[in-house]
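To start, the structure itself, in structure tokens.
Chain letters run A, B, ... following the sequence lines, proteins first and then strands; every chain starts at 1.
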Amino acid sequence: MTRRVLIVDDEPNIVTSLEFIMRRSGFETAVARDGDQALEEVERFDPDLVLLDTMMPRRDGYEVCQTLRAQGRTDLRIVMLTAKGRETEVAKGLAVGADSYVTKPFSTRDLVALVRELLPEEGP
Amino acid sequence: MVPTWVVVVVSVGYLGLLFAIAYAGDRRALAGRSIISNGAIYALSIAVYATSWTYYGSVGSAAEGGIAWLPIYLGPMVVVTVWWVVLRKIIRICRRDRITSLADFVASRYGKSQLLGGLVTVIAVLGLVPYIALQLKAISTTFTILRDEAGPAAAPVGSVPVLQDTGLYAALLLAAFTIVFGTRHLDATERHEGMVAAIAFESLVKLVAFLVVGAWVTFGLFDGFSDIVARAAERPELAELLTLRTTTGYGTFFWLTVLSMLAFLLLPRQWQVAVVENVDEQHLRTASWLFPLYLLLINLFVLPIALGGLLIFGDDVDADTFVLALPMADGSPLLALLVFVGGLSAATGMVIVETIALSTMVSNSLVMPLLLRSRGIAGGRDLGRLVLLVRRVTIVALLLLGFAYFRIATDALGLVQIGLISFAAVAQFAPAVLGGLYWKGATHAGAMAGLVAGILTWGHTLLLPSFSDSGWLPRSLPVEGPFGIELLAPYALLGLDGLDPVSHAMLWSMLANVGFMVAVSLAGGARPVERVQAAVFVDAMRRPRGPGDTVLLRGTTTVGALQGVLERFVGPGGAREALDGYAARTAADVGQDADADADLIHHVESLLAGAVGTASARALVSTVVTEEPLGMDEVMEILDEASQVRAYSQALERKSAELEEASAELRRANEQLQELDRLKDDFVSTVTHELRTPLTSIRAFSEILLDNPDLDPDERHGFLRPIVDETERLTRLINQVLDLAKLEAGGVEWHLAPVDLREVVTAATTASAQLFRERDVALELDLPTTLPDVTADSDRVFQVLLNLLGNAVKFADPERGRVRVGLSVHAGEVQVDVEDNGPGVPEAERKVIFDKFRQGGDTHRDRPAGTGLGLPISREIIGRLGGRLWVGERPGPGATFSFTLPIARTEPS
Amino acid sequence: MSGRPTNARLVALAAAAFALFNYPLLAVFDTDALVLGLPLVWVYVLAVWTLLIVLVGLTLRDR
């Protein structure tokens, strides 16, 4: 079964690149441009993992993460993408229930490795 | 001529009226509606100065020496002019330290000395008993004249048996009155409103009576002033009285003026009404002219009555009784009765006030200090009643003493002579009081030496001779000296003769008094407490209550112990009330076991001072306060402070205000710094974010291209394009950050010149033409035909216009986009408007869009194009060029960004 | 009126009063002459007295 990854970011170029990388790595993808869309896509697309930007219009990444966890989606893996490399941002992300975080700009290979690690193969 | 019973009834009835007035006055005072709280009543009460000496004696004196009687009233006139300066100061000191008598004032000034207070009291009693006797004599004499069938000429003063002497009954009645209204209860202020009201009434009665009889003599018996004078001028022995040089001499006139000045200020009864009973120092304003006017009026008819009496009676009648004798001889009993009542007013007023004042002095400065020495009494309860008892006994004793003096000694002396002896005794207080008020160097030892020397001289030169006049001592003594030693002759000390006895006595006693006081003060040092009191008194007008007042009372005790002391004088309720009142004012802890602070100790001491005098109060308080020794250094420090306390506290206030301001400034600066720090932090964080975002795309696409060499050319192109775009974005961002930093740091070089904005607008729209075409946005230019130049840097204005046009295009309606650029002239400025037909700027965003990295809208499509620095940079540029940049506040669709630039001044060249 | 100037005025007035009521100024008016049928010195003293009352009253009149 193909794993699903939801990409949430308001930067079109970043979304384009992430989409390509994730597909190339064998994941099914969907895209959301802001926090509200992200919540809708999670309902519709039912991803296994979300790549979630922190700085977005409407709802920011932390709020989205918090909402998802509050909805009881504990099996959903969440990776926060942050352009602000400060310790507090990282701590804040983990505190609201993210599984991991990645600082922009990131190595595409490392990101794919991280995603694979969080989504181990379960059978065929 | 007037039946005895009528005289008795009238006298007793008059005293009854006084009772009623005093009673009403006390009731009103208790109800808080004082009837004596005005300057006129105050002035009338001070007119207690005019006693029977004035009422009867002035005429007697004028009959002997013409206007020689006047200095006794001119002296007060001189003193009254400086009342506002001197008396006000005394009133302030007394009010602040609860000083209730002259003796207490002197004792307090010289280090709260019981010894000095006692000495002043003894002198005052010694000097004033004759004066009281004089009043009793006047009452007794006039009473006798009034009822005597044999007529005024034969009035045998003092020849009636003691128990039939009116003077005795007058004395007892007055004692009763004084006790009732002078010593009803113990009050820290020692005010007696009812008594003052009665005294003011008496002053009115005696003035009216004297004016009536004076007018009756002048215009009834004679034909006006000039008639009397003309008739007198015809008789050589009377003509003498019309000038001064032939009768009294200027030397005597001078000394009598000096004497009356001092006495007027220092007589215990004057001190009582003018200082102790003063309700408001502002009353001095009225009294300062009203009181001398009173004196002027009461002296107006003295000379006419004296001359008239002499013209009618010759030498047959004692001139001291002319005032009464004239209506008697004329057969006008009603007028005579009025005169008698006026004289009664003068005498009783003096006796009442004088004995109250003296009884306060005797109890507070003489008896209580002695009683308090024995521990048994000091420890007893309810000392307040003891104080009152002492005062009552003193009043009775004083009146009986006066009566005795009158029976034994006054036969041979005229009213004026007796009065002058008293005046001269009282004048001995002047160096101690006035010196103490204005000279800090005056010491306790100096005051003591001066007083003793002065009073001894007085006794020798005035009192002793008065005894020989009465026949107790050899008649020759005043002139020949004791034991025949002529140098010691009382009337010609050290051979100085040619002066009248009073001038002679004043000269020597003042010389001795002032001399000793100054010499001893200069020779010896002062104890610390004296120096403090000196500073407190001399600087009274310049300092409010300062720290120096209390520091000498440094010591430790509990509130309970102080309360115990207080209770013995004012009762448990009063003590509790006083402490609670203090606590309410100062928020101090007044629990039984709490430590009493210096201020409270001082407060209790001053409360006690009102009841028992400052010296005794100090002694009482020190029985419960363990005083810590105070070093000379500390005292000098206090004195320094005390004398400069005002300047010091002002400086302190200024300093603390400055300090407060400085710390507030520091706080503000710190807040600003913190805010700046936060802003910088935010800025760095935001810039980091803005840099990382394009870098993320660049790196991701680069790695994709690197990892996937097999991509077809279309895909490859699609991934290369964003790399280029994002690199451009990065470059633009870096440039703008640097640009803004340079602008803010003021490091930009401005090329200012007159600029035609039409040209710049045209250039900017041309440069943006491509953008407009791409977005299919219509551009509308609204340029006037003539436009004044502005002073600006055209490149920078161009930059601003490009930014605004870019924004306008970005936000213009995507379907039918339209942008308008307008130019217009306003007061001294050219305004540029850039208007689009987009969604407009929401009100909430209007302010923040000019902040760094705050981008308007949430459009994703143009994200790479904006850095969030365009508007902040534009606003900075326009601000630097002296204009303003703002966004129109019109709500709804369409946004208008406007800026102004100042019109260039046309230079002549 | 307040403070120093008032005080200085009053002290000056007192000094003047003392001087006017004593030798030698007093002696100048101490003659046999009569004014309006009254002894000159008497009139003089009463006049000075009245003047002083007026001046003190004016100096200290309320504010």
Side-chain angles (χ1 to χ4, degrees), chain B residues 39 62 66-67 70-71 73-75 77-86 88-89 224-230 232-233 239 241-251 253-258 261 282 284-296 299-300 302-304 307 541, chain C:
Chain B
I67 67 164
L70 265 181
Y73 307 94
L74 297 181
M77 176 68 244
V78 175
V79 170
V80 163
T81 52
V82 284
W83 250 359
W84 186 250
V85 184
V86 180
R88 202 158 58 105
K89 186 172 182 179
F225 291 103
S226 45
D227 178 41
I228 298 180
V229 172
L241 299 177
L242 300 181
T243 58
L244 195 56
R245 62 197 137 91
T246 43
T247 54
T248 313
Y250 303 117
F253 203 84
F254 168 84
W255 279 109
L256 287 180
T257 309
V258 173
M261 283 171 68
Q282 292 299 322
L284 282 174
R285 288 184 190 274
T286 311
S288 290
W289 62 265
L290 193 54
F291 173 70
L293 182 63
Y294 183 101
L295 287 185
L296 179 70
N299 280 295
L300 212 50
V302 169
L303 197 60
L307 294 176
M541 297 308 280
Chain C
M1 290 218 239
S2 64
R4 297 283 144 202
T6 303
N7 284 4
R9 247 173 263 172
L10 291 171
V11 171
L13 213 51
F18 192 82
L20 289 169
F21 285 148
N22 273 289
Y23 185 85
L25 280 172
L26 195 62
V28 174
F29 298 91
D30 194 16
T31 66
D32 292 327
L34 295 181
V35 177
L36 304 168
L38 300 173
L40 177 63
V41 69
W42 199 50
V43 173
Y44 165 75
V45 169
L46 289 181
V48 171
W49 198 338
T50 309
L51 186 70
L52 283 170
I53 290 170
V54 171
L55 289 179
V56 171
L58 285 179
T59 311
L60 285 177
R61 73 178 183 276
D62 280 346
R63 274 143 281 257

Flag side-chain contact, heavy atom, 4.5 Å: B:Val79 against B:Val86: no

Chain C: which of B:Val229, B:Val85, B:Leu74, B:Leu293 shares the most heavy-atom pairs with it under 4.5 Å? B:Leu74

Could I get the full list of ring pair (Phe, Tyr, Trp, His ring centres under 6.0 Å) partners for C:Phe18, not counting sequence neighbours? B:Phe254

Is it the backbone or the side chain of B:Tyr73 that comes under 4.5 Å from a heavy atom of chain C, or both, or neither? both

With only heavy atoms counted, which part of B:Leu295 is less than 4.5 Å from chain C, the side chain, the backbone, both or neither? both

To the nearest 0.5 Å, what is the distance between OG1 (C:Thr59) and CH2 (B:Trp84)? 11.5 Å

Is chain C contacted by the side chain of B:Ile228, its backbone, both, or neither, given a heavy-atom distance below 4.5 Å? neither

Side-chain donor/acceptor pairs under 3.5 Å, residues 43-56 of chain C, sequence neighbours excluded:
unit_1, atom_1, unit_2, atom_2, d
C:Tyr44, OH, C:Leu20, O, 2.8
C:Thr50, OG1, C:Leu46, O, 2.7

